[in-house]
There are 2 protein chains.
Amino acid sequence: MAVSGKSGDSEEMCPYRLVLEHVTSRWGVLVLIELLERPYRFSELRRAVNAYGGRGVSEKMLTQTLQTLERDGLVHRDAKPVIPPRVDYSLTGLGCEAAERVRGLAQWTEDRMGDVERARAAYDERRRPHEEAREIQSRAS
Amino acid sequence: MAVSGKSGDSEEMCPYRLVLEHVTSRWGVLVLIELLERPYRFSELRRAVNAYGGRGVSEKMLTQTLQTLERDGLVHRDAKPVIPPRVDYSLTGLGCEAAERVRGLAQWTEDRMGDVERARAAYDERRRPHEEAREIQSRAS
DNA sequence: CGGTATCCCGTCCGATACTG
DNA sequence: CAGTATCGGACGGGATACCG
């Protein structure tokens, strides 16, 4: 156990790169952005993250992500001792600083999506390995 | 081929999340930061990225990362038709904008590393499941 | 040098079952 | 509801061999 967040944690590397990988991890990004809005309960957060489309986060990965971010001091976990259990997650001051930068980056990708898609179209066009002289064929018959 | 960058590309999701994952991918982050400094040749870039410690990037993954970023219009690839081959990589205007934000985030993790490490120590302490009364044992013998 | 193609192992992560 | 434990498939990504 004592999960970390991404891959090569076992190897030695400058420690801040680990934090960076936690923060930029697939689900870390979305969790931070959502928590910047307001505190969330576990399942609520899961639903919010899954609303982004694609295949959503599993309970396991959400737990793992939250634990990593909590350990790094970015997320605060408030477990109320009631039945049924209720756990609220929120950003710490530190986490808020990180989340703002992450949201900025996400916002940027959203804003520039048009440019990116045009670049992709151009790239794909440039690489297409000559596929003409096909409808000329079919016309001849 | 036509590699993407991370996992669930095959699934449908809001397209900007894909770009975000490319930009925040393990090697994408470091490549963007390095290219913000100056243009690099392939192997030179590989060495620069590997200088971050840990297990470095393989040729394959660097190629993959650069192709993805080039396709998204963030990186410019300049292949000079000489022998031996020489290929220079640099940021486009778009890529520069992205890289600046990524570098900001990386810089933040570096600056706040102290806080993070203190939070981790506290977290680990809090969780240590009572490991006293051990040296008392060894003393008794 | 700067790739591409192929193989294949380690890890991530989803599915499932169980606890408080 | 909010987890923890375990298993197994999928895929990220390293090693190697080979082109221009």
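Every chain is numbered from 1 and lettered A, B, ... according to where its sequence line falls, protein lines coming before strand lines. Computed over heavy atoms, backbone and side chain alike; hydrogens, waters and symmetry mates excluded.
To the nearest 0.5 Å, atom CG of residue A:Leu105 and atom CD of residue A:Glu100 are 14.0 Å apart. Rounding to the nearest 0.5 Å places OH of B:Tyr16 at 8.0 Å from CD of A:Gln107. Going from atom CG of A:Leu30 over to atom CG of B:Leu20 covers 7.5 Å, rounded to the nearest 0.5 Å.
B:Thr109 is not listed as a side-chain neighbour of A:His22, based on a closest heavy-atom distance of 4.5 Å or more.
Distances shown here put a side-chain N or O of A:Gln67 below 4.0 Å from the OP1 or OP2 atom of D:dT4. For the OP1/OP2 pair of D:dC1 and a distance below 4.0 Å, the side-chain nitrogens and oxygens of A:Tyr40 include no atom meeting the criterion.
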Side chains of residues 36-49 of chain B: which donor-acceptor pairs under 3.5 Å do they make with residues two or more places apart or in other chains?
from	atom 1	to	atom 2	distance (Å)
B:Arg38	NH1	B:Glu44	OE2	3.4
B:Arg38	NH2	B:Glu44	OE2	3.4
B:Tyr40	OH	B:Glu34	OE1	3.2
B:Glu44	OE1	B:Arg41	N	2.8
B:Arg46	NH1	B:Val57	O	2.3

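When the C1' atom of D:dC1 is taken as reference, atom CD1 of A:Ile83 falls 11 Å away, rounded to whole Å. The distance from atom CZ of B:Arg41 to atom P of C:dC1 is 8 Å, rounded to the nearest whole Å. The CZ atom of B:Phe42 sits 15 Å away from the C1' atom of D:dG20 (whole-angstrom rounding). Per the geometry, CD belonging to A:Glu21 stands 15 Å off P belonging to C:dT11, to the nearest Å. The separation between A:Leu45 atom CG and D:dG3 atom P is 10 Å, rounded to whole Å. At whole-Å resolution of the value, CG in B:Leu66 and C1' in C:dG2 are 11 Å apart. Protein atom CD of B:Gln64 is 14 Å distant from nucleotide atom P of D:dC11, rounded to whole Å. The OH atom of A:Tyr89 sits 8 Å away from the P atom of D:dA2 (whole-angstrom rounding).
Here A:Arg77 lies in heavy-atom contact (under 4.0 Å) with sugar-phosphate atoms only.
Among the nucleotides D:dT4, C:dG3, D:dA2, the one closest to any side-chain atom of A:Ser43 is D:dA2.
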Letter by letter from the 5' end, nucleotides 14-20 of chain C scores (B base, S sugar-phosphate only, - none; protein heavy atoms under 4.0 Å) BB----B
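Transitive grouping of hydrophobic side chains (ILVMFWY, heavy atoms separated by less than 4.5 Å) keeps A:Leu35 and B:Tyr123 in distinct clusters.
Using a 4.0 Å cut-off between charged nitrogen and carboxylate oxygen, A:Glu97 and A:Arg101 do not count as a salt-bridge pair.
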